[in-house]
Structure formats: C-alpha cells, structure tokens
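Residue numbers start from 1 in every chain, and the chains themselves are labelled A, B, ... in the order their sequence lines are given, proteins ahead of strands. FYI, side chains are in, hydrogens and waters are out, and symmetry mates aren't considered; it's all heavy atoms of this structure.
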There are 2 protein chains.
Amino acid sequence: MEPDAITSLKIPGSVVRRLPRYLTQAQHLRQEGVEWVSSLSLAETLGLTSSTVRQDLSHIDFQGVSKRGYSTAGLEGALARTLGVDHDITCVLVGAGNLGRALALHDEFGRQGFKIVGVFDSAPAVVGKKVGRFTVQGMTELAGVVREQKVEIGIISVPHEAAQPVADQLITAGVRGLLNLTTAHLLVPAEASVVDARVLASLRELAYGVKRR
Amino acid sequence: MEPDAITSLKIPGSVVRRLPRYLTQAQHLRQEGVEWVSSLSLAETLGLTSSTVRQDLSHIDFQGVSKRGYSTAGLEGALARTLGVDHDITCVLVGAGNLGRALALHDEFGRQGFKIVGVFDSAPAVVGKKVGRFTVQGMTELAGVVREQKVEIGIISVPHEAAQPVADQLITAGVRGLLNLTTAHLLVPAEASVVDARVLASLRELAYGVKRR
DNA sequence: TAGATTGTTAATCGATTAACAATC
DNA sequence: TAGATTGTTAATCGATTAACAATC
C-alpha cells in the first residue's frame with residue numbers, strides 16, 4: 001500500500017472540518033508572498049494549539065521541514081489534493097430565491113473551483129428568468145443536466161418543506177454531495193454526503209453568545 | 001440561586017451548536033400540528049442518539065414528561081429563551097456584494113427575529129444604491145447607527161482582506177457578535193463572539209466527502 | 001554547531017453513549 | 001396497573017494537548 005493510500009484512508013471528521021481553514025490560510029499567506037509558516041504561527045492565527053495543527057497536518061500527504069515549518073505553496077497544494085479541490089467540481093443550484101441567486105452570482109466559489117452549471121426552480125414564474133449568466137430551468141431538466149455534465153454537488157436553497165424531495169431528486173440523478181442551505185435535516189443514502197450551511201443556526205448560536213455578557 | 005441561573009450558567013459549545021437544530025425541529029413539528037416529541041424521535045430525525053438529545057435538553061430550563069416526551073410548543077419556547085431569540089435582535093450588514101445583498105433581501109432571517117437595520121459598504125459607487133428597502137450607507141455612518149439603534153450583531157460580507165478592520169470598527173461601535181461570511185479568521189476581544197458561516201469551507205468539506213467513494 | 005520546529009507517542013480532557021432508577 | 005420515556009450517573013470513546021526524540 002502506498003503512503004498516500006494510507007494517509008487518505010480515513011481522516012476524522014473533526015480534522016476534515018479544519019483542513020479548509022488551513023487551506024485558506026496557506027492561500028492567503030502565499031498570495032502575500034510568505035513562503036514558510038510554522039505550526040505555532042498557524043495555530044495563533046486560527047485560534048488553535050500548535051499540537052493540534054501538527055496532528056491535523058500529519059493526516060495529509062505532505063511533510064514540514066525542521067526549523068522552517070511548512071512551505072505555504074506546498075501546503076496549499078497538498079491540502080487541495082487531500083480535499084479534492086485541486087480540480088474543478090461541477091455543481092447545480094436548486095432554488096432561485098434570494099440566497100440561491102446570490103450564490104450563483106458570487107463568483108468567488110467559481111474561482112475556488114466550484115463551477116455552477118445550472119440553476120433550477122420549480123416555480124413557473126421563475127423558470128426562464130435570467131440569474132447572471134444563467135437561465136433558470138425547470139425541475140424536469142434537472143436529471144438530464146446532472147447526467148450530461150456529471151454534476152457532483154447539488155446546492156439546495158429551496159423552502160425547507162421542499163428540501164427532502166429535492167435532495168432525493170438530486171441523489172437519484174447522480175449527485176454525490178449536497179450543500180444544504182435550508183433548516184431541514186436531510187436524509188441521504190450512506191454513499192452520499194450532506195453538509196449543512198447552518199446560516200440561521202449560526203445567527204442563533206451568536207444570539208446565545210451575545211446574550212450571556 | 002434560581003434554577004434558571006444554574007442551567008444558564010454555562011452550556012458547552014458542543015451543546016449550544018445543536019440547540020438551534022432542536023429549535024428548528026420543534027418549530028417545524030409544532031407548525032405541522034404535532035404536540036409531543038420523544039428524545040428518540042428527535043434523535044432519529046437529526047441523526048443523533050436519544051441519550052445525546054436528553055443530555056442536551058437537560059441544559060435548558062424545561063422538563064419533559066415521562067411516557068409522552070417533550071411538548072413541541074414548550075420546547076420551542078424554552079429553546080428560544082435559552083438561545084436569546086425570544087425577542088428581536090438588531091443587526092447591521094457590512095458589505096453589499098452579492099452575498100450581502102442576498103442576506104438583506106432574505107426575509108426568513110427577519111421573520112426569525114434577526115432584524116437588519118442598516119446596510120453599509122465602503123465603495124462610493126455602491127453607497128446610496130438601494131438594496132430592497134435599504135439604502136446602502138457609507139462606513140462613516142456605521143458607528144452612529146450601531147449606537148443609536150443598539151445594534152447587537154454585525155454581519156460581515158466584505159472581501160477577506162477588509163474583514164478584520166471592519167470587525168474592529170463594529171466592535172468599537174458596540175456590536176457584541178459577528179457573523180463572519182468571509183474566509184478570514186477574525187480576532188475579537190473576549191467579551192465579543194464570532195461565528196464563522198463557513199460557506200466555502202462547507203463546499204470544500206463536501207468535496208472531500210464526494211471524492212472518497 | 002546550537003536551536004528551532006517537526007512528527008509522533010502518551011496523557012489528559014471533554015463529549016458521547018449506555019444503563020437504569022424514577023415517574024406519569 | 002404496566003410500560004414507555006424521562007433525567008442522570010457512570011462508562012466509553014474520541015479529540016485535544018503535552019512532551020520529547022528526531023532532525024535540518
């Protein structure tokens with residue numbers, strides 16, 4: 001078994017959730033011209049301990065250098081490969097309300113490799129309307145687009161009551177990951193992944209933080 | 001010391017992050033006319049164990065009933081009080097890009113008590129433009145609005161390089177909680193709270209989930 | 001070289017789960 | 001009443017932190 005196969009076998013969820021933050025940090029540092037970063041410095045900017053950083057990075061196929069730390073460019077590349085964001089990922093967006101339209105128009109995600117190839121909505125009044133460079137399509141078109149463009153991720157921004165049936169349609173069509181922007185809890189088969197965006201939940205968490213002072 | 005004071009003394013972060021999900025579930029169930037819900041049923045719909053649910057709910061000032069479970073209406077109210085979302089919370093939004101505009105237009109947050117009272121941007125070209133019922137204001141107006149309207153939460157959707165200075169301005173003006181929609185890691189004094197919305201991080205987490213199948 | 005920093009093992013800490021008496 | 005379900009204690013599990021030999 002190759003070393004890569006070993007390291008990529010299974011990374012704990014707690015670590016996977018931090019890897020995107022290291023990636024963002026490595027990107028920012030490299031863009032600023034910083035070539036090396038230590039576990040301690042990463043820890044300080046991210047509010048972690050240097051121990052946690054070194055433990056986490058031991059899961060990716062990349063080595064630091066004694067006395068110098070981690071090469072920002074090398075770290076960025078290795079993290080992108082580990083997460084699977086070293087190539088474009090095709091996405092569709094279902095639900096062309098305000099939140100959905102914003103995500104379709106927010107080109108930062110596209111720049112980071114998440115390419116939206118279609119925007120869908122069930123409301124006849126919305127179908128055919130333009131959202132940036134997209135024309136909103138009806139739900140009947142969804143399965144075809146997912147199959148033809150090998151869409152990997154579905155972004156769900158419909159009313160919460162509609163979220164589960166939309167998730168089912170996306171999964172049936174062949175999508176393997178769902179970004180859930182609704183407050184519904186989605187049930188999917190074990191071979192698919194769901195990540196909840198938790199925007200309202202974050203505001204509520206913040207309300208608790210603000211209250212107890 | 002009153003029982004309420006004891007229970008509200010300090011709820012672990014892991015629990016606080018789940019409370020909004022119970023609240024959402026309780027709201028949905030009550031709206032559907034369901035009056036009682038057991039810890040097992042909550043656990044099943046949220047992908048948890050009934051033990052975790054009972055442990056979590058023991059932190060709030062609300063009792064279940066043997067053999068019947070929890071009253072959905074009672075649970076909803078107690079969770080709202082615990083989180084501090086049983087009354088309106090005033091927010092400002094800084095950064096009127098696509099994401100920011102969407103949040104300002106997305107009235108679901110307003111319906112859930114998060115009232116936006118101002119939208120700000122530093123770009124002269126954007127200041128004065130309309131975003132729904134708001135007129136975008138310049139950053140010089142920010143501190144005044146925060147003070148006059150007793151704004152509690154600032155929502156930051158500016159480019160990541162600008163996020164920390166904006167956070168500093170918001171905190172200085174008196175805001176006590178920040179919802180961070182950028183990829184920057186924000187440093188704030190201990191008496192303030194930050195919650196990261198992690199939208200790009202969620203997509204990256206999903207990329208990892210999608211890759212390993 | 002001396003010293004800074006990694007990678008990794010072992011210890012600690014906290015979160016989750018199991019178990020069960022209390023109870024309606 | 002009998003049985004379902006809570007609230008809580010104790011056990012387990014996993015994540016974080018500390019420590020330190022290896023190393024450049």
Residue-phosphate contact under 4.0 Å: T52(B) side-chain N/O, dT17(C) OP1/OP2: yes
d(CD1, I11(B); C1', dG14(C)) in whole Å: 16 Å
d(NE2, H59(B); P, dT6(D)) in whole Å: 17 Å
Length of the line joining Q63(A):CD and dT5(C):P, which is rounded to integer Å: 18 Å
L23(B) side, atom CG; E76(B) side, atom CD - distance, nearest 0.5 Å: 6.5 Å
Donor-acceptor contact present, side-chain R18(A) to main-chain D56(A), <3.5 Å: no
Side chain T52(A), main chain A43(A), donor-acceptor under 3.5 Å: no
Atom pair distance, as rounded to whole Å: CZ in R68(B) and C1' in dA2(D): 17 Å
All salt bridge (Lys or Arg N to Asp or Glu O under 4.0 Å) counterparts of R17(B), not counting sequence neighbours: none
Atom-to-atom span, CG of L48(B) to P of dC13(D) - whole angstrom: 19 Å
E161(B) atom CD, neighbour heavy-atom count above 12 within 6.0 Å: yes
Touch class at under 4.0 angstrom, heavy-atom based, for Q55(A) against every strand present: base
Test item: D121(A) side-chain N/O and A123(A) main-chain N/O as donor-acceptor pair under 3.5 Å: yes
Atom-pair distance (CG on D56(A); P on dT16(D)), nearest Å: 7 Å
Between R54(A) and S58(A), a side-chain donor and acceptor under 3.5 Å: no
Neighbours of DNA chain D within residues 17-47 of chain B, by heavy-atom distance under 4.0 Å: S38(B), S39(B)
Criterion side chain to side chain donor-acceptor pair (under 3.5 Å) on Q112(B) and Q27(B), from CA distance to verdict: CA-CA 11 Å; Q112(B) 295 292 341; Q27(B) 281 183 324; 3.2 Å; yes
Y70(B) OH - dC24(C) P separation (whole Å): 14 Å
Upstream residue (5' side of DNA chain D) when V65(A) and V15(A) are each assigned their closest nucleotide: V15(A)
K10(B) NZ - dA15(C) C1' separation (whole Å): 14 Å
Atom pair CG (L179(A)) and OG (S193(A)), whose distance is rounded to the nearest 0.5 Å: 11.5 Å
Intra- and interstrand pairs of DNA chain D - dot-bracket, Watson-Crick/G-U under 3.5 Å, | marks other strand: ..||||||||||||||||||||||
Side chain of R54(B) - closest among dT6(C), dC20(C), dA15(C): dC20(C)
Closest to the S66(A) side chain, choosing from dT23(D), dA19(C), dC24(C): dT23(D)
Contact under 4.0 Å: T49(B) side-chain N or O vs dT17(C) OP1/OP2: yes
